[in-house]
Amino acid sequence: MRYLSITPEEKKRMLEVTGVDRVEELFDTIPKSVRLTSPLNIPQPASEIEVLKYFQGLAEKNVSTDRFDSFLGAGTYNHFIPTIIDSVISRAEFYTCYTPYQPELSQGTLQAIFEFQTLICQLTDMEVANASLYDGSSALAEAVLMAVRLTKRSRLVVPESLHPNYRKVMETYVANLDVQLSDLHLMDAGRVDLDHLEKTLKDDCAAVVVQSPNFFGVIEEIREVTRLCRRAGALSIVVVTEAISMGLLKPPGELDADIVVGEGQSFGIPVGFGGPNLGFFATRDRYKRQMPGRVVGQTVDSQGQRGFVLTLATREQHIRREKATSNICTNQGLCALMCAVFLSTLGKQGIRELAEQNLKKAFYLRKQLGDRLVFSGNTFNEMVVRCDRDPTEINRQLLTEGIVGGLPLGRYFPDRSDQMLLCVTEQNDPKKIQRLAEILTRVEVAS
Amino acid sequence: MRYLSITPEEKKRMLEVTGVDRVEELFDTIPKSVRLTSPLNIPQPASEIEVLKYFQGLAEKNVSTDRFDSFLGAGTYNHFIPTIIDSVISRAEFYTCYTPYQPELSQGTLQAIFEFQTLICQLTDMEVANASLYDGSSALAEAVLMAVRLTKRSRLVVPESLHPNYRKVMETYVANLDVQLSDLHLMDAGRVDLDHLEKTLKDDCAAVVVQSPNFFGVIEEIREVTRLCRRAGALSIVVVTEAISMGLLKPPGELDADIVVGEGQSFGIPVGFGGPNLGFFATRDRYKRQMPGRVVGQTVDSQGQRGFVLTLATREQHIRREKATSNICTNQGLCALMCAVFLSTLGKQGIRELAEQNLKKAFYLRKQLGDRLVFSGNTFNEMVVRCDRDPTEINRQLLTEGIVGGLPLGRYFPDRSDQMLLCVTEQNDPKKIQRLAEILTRVEVAS
Amino acid sequence: MRRTFTNFGLEESLIFQKSSPGKSAYSLPGLDVEDTPIEEILDPDDVRSEVSGFPEVSEVELISHYTRMSTWNYHVDLGMYPLGSCTMKYNPKLNERVARLPGIALTHPLLDEELCQGNLEILFRLQEFLEQLTGMDGVCLQPCGGAQGELAGILMVRAYHVQQGRPRRYVLIPDSAHGTNPASALMAGYEVISIPSDGEGRIDVQVLAEKMTKDVACLMLTNPNTMGIFESHIEEISQIVHDRGGLIYMDGANFNALMGYARPGDMGIDVLHLNLHKTFSTPHGGGGPGSGPVACKEILVPYLPTPNVNQVGDAYRLSSDESHSIGRLHAFYGNFGMVVRALCYILTCGGEGLKELSEVAVLNANYIRSRLEDHFHLPYSTPTLHEVVFSDALQNKRGVTTLDIAKRLIDYGFHPPTIYFPLIVRGALMIEPTESYSKEELDSFVDAMIAISQESLEDSEKVTGAPTGAKLTRLDEVQAARHPVLRWSPDEDTAT
Amino acid sequence: MRRTFTNFGLEESLIFQKSSPGKSAYSLPGLDVEDTPIEEILDPDDVRSEVSGFPEVSEVELISHYTRMSTWNYHVDLGMYPLGSCTMKYNPKLNERVARLPGIALTHPLLDEELCQGNLEILFRLQEFLEQLTGMDGVCLQPCGGAQGELAGILMVRAYHVQQGRPRRYVLIPDSAHGTNPASALMAGYEVISIPSDGEGRIDVQVLAEKMTKDVACLMLTNPNTMGIFESHIEEISQIVHDRGGLIYMDGANFNALMGYARPGDMGIDVLHLNLHKTFSTPHGGGGPGSGPVACKEILVPYLPTPNVNQVGDAYRLSSDESHSIGRLHAFYGNFGMVVRALCYILTCGGEGLKELSEVAVLNANYIRSRLEDHFHLPYSTPTLHEVVFSDALQNKRGVTTLDIAKRLIDYGFHPPTIYFPLIVRGALMIEPTESYSKEELDSFVDAMIAISQESLEDSEKVTGAPTGAKLTRLDEVQAARHPVLRWSPDEDTAT
Ligand SMILES: Cc1ncc(COP(=O)(O)O)c(C=O)c1O
Ligand SMILES: Cc1ncc(COP(=O)(O)O)c(C=O)c1O
């Protein structure tokens with residue numbers, strides 16, 4: 001067994017020191033009655049070659065973006081990943097260590113996370129950010145819990161344009177707390193109906209959630225939302241699932257958001273069948289002691305040299321137990337590092353250029369779809385199209401041309417079963433975009 | 001340009017310090033008359049995405065062993081490569097440093113090479129080994145030069161069963177020195193004709209070269225060759241192209257060889273279109289000061305701590321210039337590291353087991369080929385088969401079944417144009433071996 | 001041979017401090033569609049100005065930035081990392097390679113089921129293996145960490161009770177439990193009742209019996225517990241809890257002690273979580289991502305989070321029955337990449353290998369215990385499995401604390417054990433060697449511990465002043481918390 | 001900010017010292033064909049006993065073995081590595097990724113041409129680009145290093161002269177040349193005549209003119225030469241050599257100074273080698289593999305090593321005309337993996353990028369020269385390009401040598417420059433910064449050099465006793481050479 005380093009001879013000597021004859025005796029505290037007597041029903045060890053072949057075989061049963069042009073978005077985005085990210089995170093120094101409990105031996109991780117926190121603050125234009133949460137959806141759930149704690153109110157206002165899976169996760173987290181949800185309608189533009197919001201916002205409202213660009217790709221009027229929130233004493237929670245958009249769109253912080261959460265997968269993390277992803281969480285300085293999750297802070301050592309530590313631990317489960325701001329312990333550290341490398345690679349120019357390419361390539365499709373677009377509001381790189389055939393059937397056709405089509409919305413919204421959510425990124429081939437448009441608009445062309 | 005780290009602003013300040021106005025002035029010592037005035041006819045910079053796509057496109061135009069079952073050997077072998085090798089050599093600490101000229105900053109490389117030298121000695125059963133040469137063929141050429149230096153004789157005896165490309169490289173190296181080559185016949189068994197050798201071996205003979213397993217896969221009678229060499233005062237040079245064979249076959253050192261050279265590619269190095277490969281070179285202690293190439297030795301630092309350095313430098317070009325034992329400078333360091341990791345991974349048991357599997361799987365094919373085998377001598381994992389159709393045509397048929405066939409020997413030996421050299425390794429699927437045998441023996445079966 | 005020597009390391013400023021205009025590390029192809037001006041696409045009011053403060057550096061600088069920083073970390077590939085409760089075992093390189101296969105890593109989570117059968121098989125097989133290993137009837141791989149697994153489990157307990165008529169009010173948790181347990185119980189809407197440990201370091205069954213009322217939804221038990229001690233009264237405990245209609249949740253963080261020897265499903269456990277990043281060798285990544293699958297008995301299967309994978313004929317399907325489920329915990333399927341690695345590990349080890357590694361993990365811990373028990377105070381003499389908890393009681397007499405011992409270990413070239421946890425041991429030193437390392441490495445650790453114990457008696461300043469051999473000396477955590485500096489900004493930057 | 005701090009490193013014994021029976025790091029599938037006993041296949045006399053001394057260790061131990069050892073190396077990703085003549089530039093990660101694409105890395109060299117068109121295109125395109133860059137007419141990518149490139153080139157020169165009637169006898173080589181030049185000339189059967197350098201650090205044209213007889217086959221010139229000085233009289237030199245029927249070989253190791261500025265083909269060079277592992281960013285790998293393509297003018301094309309790649313219509317073909325070729329230098333096509341990386345680099349940089357990087361390389365070297373020339377003796381005041389050579393003349397007055405300065409740089413966290421080369425400068429310190437690093441890094445190097453110069457005057461023992469900050473102090477190279485221990489063996493093992 002190549003993952004074990006003790007020889008039979010050594011085992012014997014160690015047992016002697018331990019004072020038992022057979023290793024099984026070390027398990028004597030487990031009552032016989034609950035012992036497993038049969039061998040595990042798990043196959044014999046497989047060699048490296050066999051394991052590799054097995055997984056390669058499975059990989060061939062998937063449709064992956066290295067072989068197909070994909071227009072799926074909806075919370076997971078197919079973006080370019082600079083090669084150096086994997087070089088950095090493949091250093092065992094980064095990926096095989098634990099949460100940096102012992103700062104003297106973990107300054108590499110700590111400084112990287114401190115930089116990550118800074119980058120997230122800069123991008124969202126917020127004051128503080130944590131070291132990551134599991135994903136965008138649980139980050140939203142944590143934000144909502146924080147808002148309830150802070151405001152001591154119990155109503156949450158949630159628009160239809162929130163990612164339906166985010167809504168579900170949020171519902172799971174608040175299910176057993178004394179919290180009510182109010183739905184918010186959409187306007188034809190595909191944005192939140194601000195009049196409806198104004199009416200819904202009462203003094204029992206803890207927070208309003210708004211996603212922008214929203215699930216349908218439409219850019220929300222965040223400034224108006226935060227203004228209404230301020231007036232009602234509710235907190236505004238802005239959700240971003242397509243983080244690249246922040247390279248171009250006005251940052252939620254500038255629009256007076258109280259909490260900004262979202263998914264950082266677009267920043268250098270492979271689509272990876274949806275995980276590991278990266279929940280980010282940013283808020284105002286005044287709320288930092290109510291923030292969930294780990295935070296790295298700057299300090300000095302006993303000789304006055306700058307160093308970094310995990311801090312504000314009194315918010316956390318290992319100190320506060322049931323009084324903690326969250327139960328989270330392990331987070332998505334390495335994904336935060338990937339994100340930091342990504343953002344530092346792109347830098348000021350690159351993040352803008354990348355966002356612009358997404359905007360313009362999506363617009364290139366948008367223009368071709370014309371009146372098939374369901375919503376009139378401005379979009380970033382996603383859009384909803386109305387189909388005159390079953391979207392699933394269209395997707396089947398697209399697949400034969402090497403294209404993975406969009407997301408049939410009927411899966412989430414029965415009244416939208418003729419609609420499809422499309423995403424265009426810098427990765428899509430213009431020819432495939434054009435072909436997609438052709439097929440969607442039925443100007444069939446021999447291919 | 002992401003590989004440059006100087007800003008335009010810094011450039012200006014640096015030019016000031018340097019005392020020139022424009023960077024072009026720094027090139028003023030190049031006469032105008034020989035300056036390049038037009039831009040280079042090399043395309044515009046390509047982005048990472050574009051470069052990747054370009055190479056992926058090229059990769060698809062190749063037939064590679066991840067998608068085909070291959071029976072090509074003949075000096076490059078398709079063996080299993082443990083995953084940890086790439087993990088180790090992908091550490092920048094190993095792959096981005098130079099030849100360890102400054103031992104205090106290079107102990108990692110130096111100790112690894114010292115271990116490599118030891119492993120090669122153990123495997124060949126020789127006393128000293130160097131830090132690597134370019135490949136097996138140039139290692140042979142260097143061995144021959146060394147033999148000429150040592151014996152001050154000028155005749156080399158070379159059998160037909162030597163890898164033809166090795167022979168060519170050797171010829172290139174000795175072309176302008178006062179050296180004569182004598183050919184050695186083969187017996188029906190596919191081995192060197194020892195009687196002919198005995199007759200050929202005169203007192204002008206510097207060395208006899210013998211490859212085992214030889215180019216046709218047959219195991220040579222090395223003991224007899226070295227015995228005849230001793231008697232004639234010539235040096236014996238044993239060449240090994242399929243290094244895995246040493247896990248099972250009697251080591252040349254035990255058979256009294258004077259110099260053992262060969263190709264270490266089988267030890268953890270990808271087939272890689274033939275390069276980088278790994279020339280290894282081992283000899284007797286008494287000849288160490290005539291050995292070509294770098295050597296690492298053990299020593300102590302000024303405080304008596306063990307350490308390693310490049311040593312016996314007085315053999316080398318940077319000290320001895322035209323009196324050096326070879327002109328080699330850069331060698332195949334990282335490949336030597338791969339080899340060391342490979343051999344340490346397999347260890348005593350693994351190298352044996354791997355060699356046995358090669359032997360037995362090749363034998364499985366051998367048995368099925370029956371009287372189509374050209375040579376009767378024992379083989380390790382290669383063999384020559386006689387075809388009743390054009391070997392190239394057979395290969396074309398095999399390809400349609402996902403099989404890359406053997407090497408048509410007509411390429412090297414016009415009189416063997418109906419023969420094919422086949423190699424079977426642990427990587428070959430038994431079903432494909434069987435299918436290969438069927439097609440070669442024409443017991444055609446509907447597939 | 002000594003374990004350590006001194007060497008130089010390279011300092012590195014923050015990436016923001018290396019930035020200057022005109023450097024860049026990225027490259028993008030030119031826009032390959034027509035270039036519509038942004039104003040024609042967006043409301044100019046929606047467009048931001050440049051991201052102020054964002055770094056501008058070259059690729060070369062980035063690589064040396066991270067390479068240098070990386071050298072400031074201790075890590076598993078360097079040597080033993082005996083952080084108790086964290087199971088810092090070797091993270092196989094093969095796992096990493098498999099998880100990066102393009103056909104696996106580059107798949108979108110919202111693909112039609114037909115287009116991701118390979119991934120669904122991966123999920124399904126791991127579900128099955130974990131059921132086998134734990135003796136449970138259902139598994140959901142969605143939770144992204146142990147804590148989220150706990151939340152899932154307790155939510156399932158609650159859903160079960162609701163179905164029975166009422167959610168009940170309390171969760172019983174031993175005082176030795178990990179902090180995530182009470183925190184998770186609270187998030188599920190429960191109040192926590194703490195159960196003391198008995199003189200053997202086990203849950204006090206007497207007290208448990210008293211507190212276990214009809215208002216208690218469940219007991220959250222860690223087994224083996226955080227002392228490394230198996231809760232031998234598990235059957236009695238099970239009887240007590242179940243008799244009063246309660247359920248038992250097991251924190252499976254210590255599952256590395258049990259594989260092939262005992263299954264929670266055979267000891268009355270109703271629901272548990274595992275940590276793939278502990279027992280199943282997926283890397284900790286400096287804090288994650290991990291994965292905390294939840295497993296349960298038949299009665300709780302309807303409440304598992306959705307979606308999960310089922311086998312229908314030859315095909316794998318995502319479950320669609322959400323009627324009783326507690327719902328979703330993740331936008332997609334959790335940390336799938338960790339699932340791939342764990343499956344790769346299980347296939348590599350095989351059933352017998354998993355058992356052997358639990359065995360060696362337990363042997364190693366007991367060997368360390370035996371070699372150290374003359375030098376460090378052992379708060380409980382009860383036999384332990386995969387880890388052992390000492391205290392600083394002996395050293396404390398000379399003013400040396402657990403923190404000092406931990407920091408001094410750094411000077412000896414080791415990552416310290418977990419300290420001050422579990423809370424029931426004053427000055428706890430929780431040592432978990434795992435099965436990975438050689439006897440030479442274990443002995444070297446033991447020797448260092450003994451040397452530190454000696455130093456504590458003879459030369460205590462060496463210990464209280466440690467570390468002196470690392471990049472930094474002890475860090476001022478109080479200042480960090482009192483005057484939090486949580487991000488770089490040009491003005492606050494005192495370090496340039 | 002300081003550059004260095006002290007940290008602990010971990011020791012590691014030889015792999016053989018970690019070995020014991022019962023551990024292993026490998027796994028193989030079971031034999032999947034019938035298991036014939038070995039005696040039935042082989043003559044038992046041909047079968048060896050076990051490989052005595054071969055290591056038996058676990059995968060975990062192997063990984064920590066190499067990981068620890070790796071930390072003892074200084075390397076390019078850590079910081080500036082100003083090893084003159086070696087062009088230690090950044091090795092792009094993208095190159096590494098591309099070279100590992102399975103469709104490229106897993107191809108057999110003896111595949112039919114039709115089955116490896118992708119690889120042949122790679123070879124062909126690099127041949128073309130190198131022709132462009134050098135202004136030459138033919139390129140062969142087979143040589144595995146600069147030295148083999150030299151051998152190839154001189155063999156071609158010889159073949160040419162043989163074709164003209166006689167091989168001639170001598171090769172002229174400046175005394176500043178690299179040791180491989182005379183060694184290669186010898187291997188091609190020539191005798192070497194050394195040409196002195198003039199007062200400006202260039203080849204003495206006067207002497208050249210004298211020595212350049214009809215018996216001289218060629219001049220081997222390095223340009224810019226090993227002083228970093230461009231041989232400005234190149235046209236005159238060319239005239240002299242060619243007038244007497246000789247040829248000029250150029251050692252292109254310093255080509256990083258010239259890209260986009262000048263082409264050897266435009267200055268009378270007949271044949272040259274390049275080092276892909278210098279100018280074209282392929283990694284040095286701790287000593288190789290490198291790649292030393294040879295390029296030549298039309299008149300020498302027939303003599304190029306074979307095979308090479310030609311384009312025939314849409315397809316790429318291996319050349320088959322061997323009639324005049326000097327033959328093969330490698331069993332296959334040389335270090336193909338390095339060819340892939342170099343092509344990747346050229347495509348990434350583009351023509352303009354390559355020019356810019358030569359520019360920055362030259363700027364950086366001149367900046368360092370300007371900042372250091374008040375502190376170190378500059379043997380020649382001639383302007384230099386991509387590197388600069390100082391001597392220890394000033395420091396030597398206080399007993400401090402070049403070796404001392406080099407070792408002291410280690411304590412400052414830098415890899416030393418090349419030392420004692422070129423031989424024409426006593427105590428040479430040859431500094432080549434390359435284009436990769438930031439001004440901050442260059443300044444930090446300059447500051448360290450100045451500090452050392454100061455120390456040499458004020459506190460010379462700090463310098464002569466260096467290094468003290470590395471893993472080891474100065475190593476005894478004399479003992480190593482006098483009593484060579486070139487392999488581990490159980491008895492000679494004094495270190496356990
Ligand atoms: C006993 C125990 N329970 C729960 C947890 C929480 O697990 P995670 O960090 O994966 O959320 C831990 C982690 O350290 C633990 O040790
Ligand atoms: C000027 C010069 N010529 C030739 C060489 C030899 O090149 P290689 O090491 O690639 O054989 C070198 C290498 O250092 C060199 O600097």
Side-chain angles (χ1 to χ4, degrees), chain A residues 5 10 14 18 29 34 40 42 45 55 58-59 61-66 72 88 92-93 95-99 104-105 107-109 118 134 137 165 168 172 176 250 270 273-276 297-299 301-302 306-307 311 317-318 321-322 324 327 329-334 345 347-348 350 364, chain C residues 25-26 33 48 53-54 56 66 69-70 72-77 98 101-103 105-109 115 117-118 144-145 147 179 182-184 186 189 192 230 267 283-290 327-328 331-332 335-336 350-351 366-367 370 438-439 470 472-473 475 480 485 487-488 495:
Chain A
S5 313
E10 286 166 341
M14 289 166 72
T18 310
T29 49
V34 303
L40 288 165
I42 287 181
F55 282 100
L58 292 180
K61 294 185 193 156
N62 293 329
V63 158
S64 51
T65 53
D66 57 330
L72 277 175
V88 170
E93 285 84 343
Y95 83 87
T96 77
C97 59
Y98 202 74
T99 303
E104 298 86 352
L105 287 182
Q107 285 297 308
T109 297
T118 304
Y134 301 129
S137 72
N165 287 353
K168 281 194 184 165
T172 305
N176 302 300
K250 205 154 260 179
F273 209 51
Q298 180 177 313
T299 186
D301 75 359
S302 65
R306 178 175 76 182
T311 192
Q317 45 75 24
H318 64 285
R321 302 181 74 85
E322 69 268 25
N327 69 335
C329 180
T330 291
N331 55 28
Q332 304 284 114
L334 203 68
T345 302
K348 208 182 263 186
Y364 175 71
Chain C
Y26 79 98
V33 300
R48 78 177 299 161
F54 243 43
E56 293 174 89
Y66 287 107
M69 276 160 53
S70 77
W72 308 341
N73 280 357
Y74 188 92
H75 56 110
V76 161
D77 280 4
V98 163
L101 290 173
L106 303 183
T107 49
H108 196 283
L115 309 185
Q117 285 291 307
C144 292
S184 301
L186 179 91
V192 171
F230 192 83
M267 38 176 111
H284 285 88
R328 273 192 172 271
F332 305 104
N335 284 339
F336 177 72
N366 276 279
Y367 174 72
S370 298
S438 66
K439 180 165 177 298
L472 298 175
T473 60
L475 285 143
V485 178
R487 55 167 293 189
W488 174 83

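As a basis for the values below, the full set of heavy atoms in this structure was taken, side chains included, without hydrogen atoms, waters or symmetry mates. Remember, it's a predicted structure, so these values are computed and weren't measured experimentally. Chain letters run A, B, ... following the sequence lines, proteins first and then strands; every chain starts at 1.
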- Query: What's the shortest heavy-atom distance between K348(A) and G53(C), and which atoms?
  - Reply: CE-N, 4.3 Å

- Report the distance from atom OG1 of T96(A) to atom CG of D77(C), rounding to the nearest 0.5 Å. 4.5 Å

- Message: Would you compute the distance between atom CG of L472(C) and atom OG1 of T299(A) and round it to the nearest 0.5 angstrom?
- Response: 10.0 Å

- Note on the structure: So CZ of R328(C) and CG of N165(A): to nearest 0.5 Å the spacing works out to 3.5 Å

- With only heavy atoms counted, which part of Y364(A) is less than 4.5 Å from chain C, the side chain, the backbone, both or neither? side chain

- Query: What is the minimum heavy-atom distance between A25(C) and T345(A), and which atoms define it?
  - Reply: O-CG2, 3.4 Å

- Task: Using non-hydrogen atoms and a 4.5 Å limit, figure out which bit of T311(A) sits close to chain C: side chain, backbone, both or neither.
- Result: side chain

- What one should report as the nearest heavy-atom pair of W488(C) and T118(A) is N-OG1, 2.9 Å

- Residue set satisfying side-chain hydrogen bond (donor to acceptor under 3.5 Å, both in side chains) with T29(A), at least two apart, ordered chain then number -> none

- Step by step, would you call Q107(A) with L475(C) a side-chain contact (heavy atoms from CB on, under 4.5 Å)? CA-CA 11 Å; Q107(A) 285 297 308; L475(C) 285 143; 3.5 Å; yes

- Item | Check: S70(C) side chain, E93(A) main-chain N or O, donor-acceptor pair, under 3.5 Å | no

- Item | Contact leader toward chain C among L58(A), N62(A), I42(A), L40(A), where contacts are heavy-atom pairs under 4.5 Å | N62(A)

- Message: What's the separation between atom NE2 in H284(C) and atom CG in L334(A), rounded to the nearest 0.5 Å?
- Response: 12.5 Å

- Task: Determine the minimum heavy-atom distance between F273(A) and F332(C), stating which atoms define it.
- Result: O-CB, 4.4 Å

- N176(A), V88(A), T330(A), V34(A): which one forms the most heavy-atom pairs within less than 4.5 Å of chain C? N176(A)

- Least distance between heavy atoms, Q332(A) atom then N335(C) atom: OE1-ND2, 2.9 Å

- Query: Looking only at heavy atoms, which two atoms of P283(C) and Y95(A) are closest? And how far apart?
  - Reply: CB-O, 3.1 Å

- Using modelled atom types only, decide if a donor and an acceptor are shared between the side chain of D301(A) and the backbone of T473(C) within a distance under 3.5 Å. yes

